[in-house]
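Below you'll find the structure, written out as C-alpha cells, and then a few comments.
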Amino acid sequence: MQITAGDVKKILCDIADAIEREKDYLSELDRAVGDGDHGVSMSVGWQAIRERIGEIDDRGECSEVFKAAGMSFLNAVGASVGPLYATAFIRAAASVQGKTELDVTDIMNLLAAAVNGIKERGKAEVGDKTMIDTWVPAIEAMKEAESKGQEPLFCLEAAVAGGKKGMEATTQMLSQIGRSSRLGSRSIGHQDPGATSGYLILLTFVQSLKEIGTRQI
C-alpha cells in the first residue's frame, strides 16, 4: 500500500467527519467531569484542519499535510488539547519529512512519534485519566504485535484494540490532571472524554487507511 498526501488528506477529513458526528457525545462525557466543551473544541479544531489541508497539493510531501494540520488545530483550539495534538501532528510530520508516499510501516512510525509528542508535552502518565490512557496502550499493543512479526495492518488493528481497552479503563480511574481532578473520587465512574476522542481518531484513522488499501488492490 502506498499512501500519498492526497490519501493523508482523505484520512484526516474522515476523522473530521467522525468527530463532527460524535461531538455531542464527547461534550456529554465532558459535562460529567469538566466544562462540557470537549466535543465543540474538537469539532472546531478538526473543521479547521479540513479547511486548511484542502489547499495542499495531493501529490506533494505528506509531511506538509501534517504540519498544516498541526498549526491549524493549534490556532483554532484554545483549550489545553490544542497544543497536545499540534505537537502530535508536528512530530508525525518530522517522522516522514521529504516523503511523497508512505507505506504502512511509515504510518506506524508516525503514530508512535505523534504519541511520544503528546506524552512529552502533556506530562501525563497512563492511569491519570487522560487521552494518554488511549494512546499509550494503543502504541504498546502495536509494537507488541510488530515484535511478533505480524503484518503492519494487523499491528494497526492491534493498536485500535489496545486503545479501546485503555479508553474503557478510564471509567474506573481517579482523575489526576486537569479540571476533572478537582472532582476527586467523583470522577470515578465516568469515561474520560479526551481518551474517547483519541480512540475515535485512532479508529477512524485505521478504518480509512484500510479503505484506501482496498481501493488499491
Side-chain angles (χ1 to χ4, degrees), residues 15 18-19 21-43 45-46 77 79-85 87-88 91-92 107-108 110-148 150 153-210:
I15 295 172
I19 292 292
R21 287 194 300 269
E22 300 296 336
K23 67 178 180 181
D24 291 342
Y25 172 59
L26 294 173
S27 288
E28 180 183 338
L29 290 176
D30 197 29
R31 278 192 288 274
V33 295
D35 52 14
D37 68 348
H38 185 68
V40 173
S41 294
M42 294 298 289
S43 172
W46 280 94
V77 180
S80 59
V81 71
L84 295 176
Y85 275 117
T87 300
R91 294 290 182 87
I107 295 294
M108 291 169 57
L110 72 83
L111 282 175
V115 172
N116 282 338
I118 292 173
K119 189 173 181 181
E120 290 174 14
R121 185 67 184 259
K123 309 300 183 184
E125 301 291 340
V126 171
D128 286 344
K129 199 180 179 94
T130 70
M131 68 168 76
I132 283 293
D133 290 296
T134 288
W135 286 114
V136 167
I139 298 303
E140 289 176 346
M142 182 183 76
K143 289 183 176 179
E144 181 179 358
E146 184 181 24
S147 73
K148 294 178 180 178
Q150 300 288 355
L153 272 177
F154 183 90
C155 295
L156 290 175
E157 290 172 350
V160 172
K164 182 179 182 182
K165 186 175 180 180
M167 171 192 71
E168 292 172 343
T170 63
T171 302
Q172 299 307 318
M173 291 178 185
L174 179 71
S175 180
Q176 304 291 335
I177 290 178
R179 187 184 296 267
S180 60
S181 65
R182 303 173 191 172
L183 297 175
S185 61
R186 287 180 294 157
S187 65
I188 298 174
H190 300 286
Q191 186 168 291
D192 182 69
T196 306
S197 62
Y199 173 69
L200 183 60
I201 291 167
L202 175 62
L203 174 65
T204 308
F205 189 105
V206 175
Q207 288 177 336
S208 185
L209 184 69
K210 290 168 67 178

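Hydrogens, waters and symmetry mates play no part in the numbers below; they use all other heavy atoms, side chains included.
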**Fill in**
Correct closest heavy-atom pair for Ala112 and Lys143 would be CB-CE, 4.2 Å
**Fill in**
On a heavy-atom basis, the closest approach of Leu202 and Ala159 is CD2-O, 3.5 Å
**Asked** Ser41 side chain to Asp37 main-chain N or O, any donor-acceptor pair under 3.5 Å?
**Response** yes
**Asked** Once you round to the nearest 0.5 Å, how far does OG1 of Thr87 lie from CG of Asn116?
**Response** 12.0 Å
**Prompt:** Side chains of Ser197 and His38: does their closest heavy-atom pair fall under 4.5 Å?
**Reply:** yes
**Prompt:** Between Tyr199 and Glu168, does a side-chain contact (heavy atoms from CB on, under 4.5 Å) hold up when you go through it step by step?
**Reply:** CA-CA 10 Å; Tyr199 173 69; Glu168 292 172 343; over 6 Å; no
**Prompt:** With respect to Gln191, which candidate in Thr170, Asp133, Thr196 satisfies the side-chain hydrogen bond (donor to acceptor under 3.5 Å, both in side chains) definition?
**Reply:** Thr196
**Request:** Return the minimal non-hydrogen interatomic distance between Pro193 and Leu29, and the atom names on each side.
**Result:** CB-CB, 4.0 Å
**Prompt:** Do you know the tightest heavy-atom contact between Pro83 and Ser80?
**Reply:** CD-O, 3.2 Å
**Request:** Decide yes or no for Glu144 and Glu140: does some side-chain heavy atom of the first lie under 4.5 Å from some side-chain heavy atom of the second?
**Result:** no
**Prompt:** How many angstroms lie between atom CZ of Arg121 and atom CZ of Arg91, to the nearest 0.5 angstrom?
**Reply:** 9.5 Å
**Asked** Taking C-beta and beyond as the side chain, do Lys23 and Val40 meet within less than 4.5 Å on heavy atoms?
**Response** no
**Spacing of Met142 atom CE and Leu156 atom CG [to the nearest 0.5 Å]** = 6.5 Å
**Message:** Measuring from atom CG of Asp192 to atom CE of Met167, what distance do you get when rounded to the nearest 0.5 angstrom?
**Reply:** 10.5 Å
**Prompt:** What heavy-atom pair brings Ala158 and Ala141 nearest, and what distance separates the two atoms?
**Reply:** O-CB, 3.4 Å
**Request:** Look only at the side chain of Ser43 and the backbone of Gly39, and say whether a donor-acceptor pair between them is shorter than 3.5 Å.
**Result:** no
**Message:** Determine whether a donor-acceptor pair (N or O, by modelled atom type, separation under 3.5 Å) exists between the side chain of Thr134 and the backbone of Ala195.
**Reply:** yes
**Request:** Determine yes or no for a side-chain-to-main-chain donor-acceptor pair under 3.5 angstrom, with Lys119 supplying the side chain and Trp135 the backbone.
**Result:** no
**Prompt:** Which distance, rounded to the nearest 0.5 Å, do you find between the CD1 of Ile188 and the CD of Gln172?
**Reply:** 7.5 Å
**Prompt:** Shortest non-hydrogen contact from Ile132 to Glu125?
**Reply:** CG2-C, 3.8 Å
**Exam field: side chain Ser27 to backbone Asp24, donor-acceptor pair closer than 3.5 Å** = no
**Item:** Side chains of Leu153 and Lys210 in contact at under 4.5 Å (non-hydrogen atoms)
**Value:** yes
**Asked** Is any side-chain heavy atom of Trp46 less than 4.5 Å from a side-chain heavy atom of Ile201?
**Response** yes
**Message:** Nearest 0.5 Å, please: how far is CZ in Phe154 from NZ in Lys148?
**Reply:** 8.5 Å
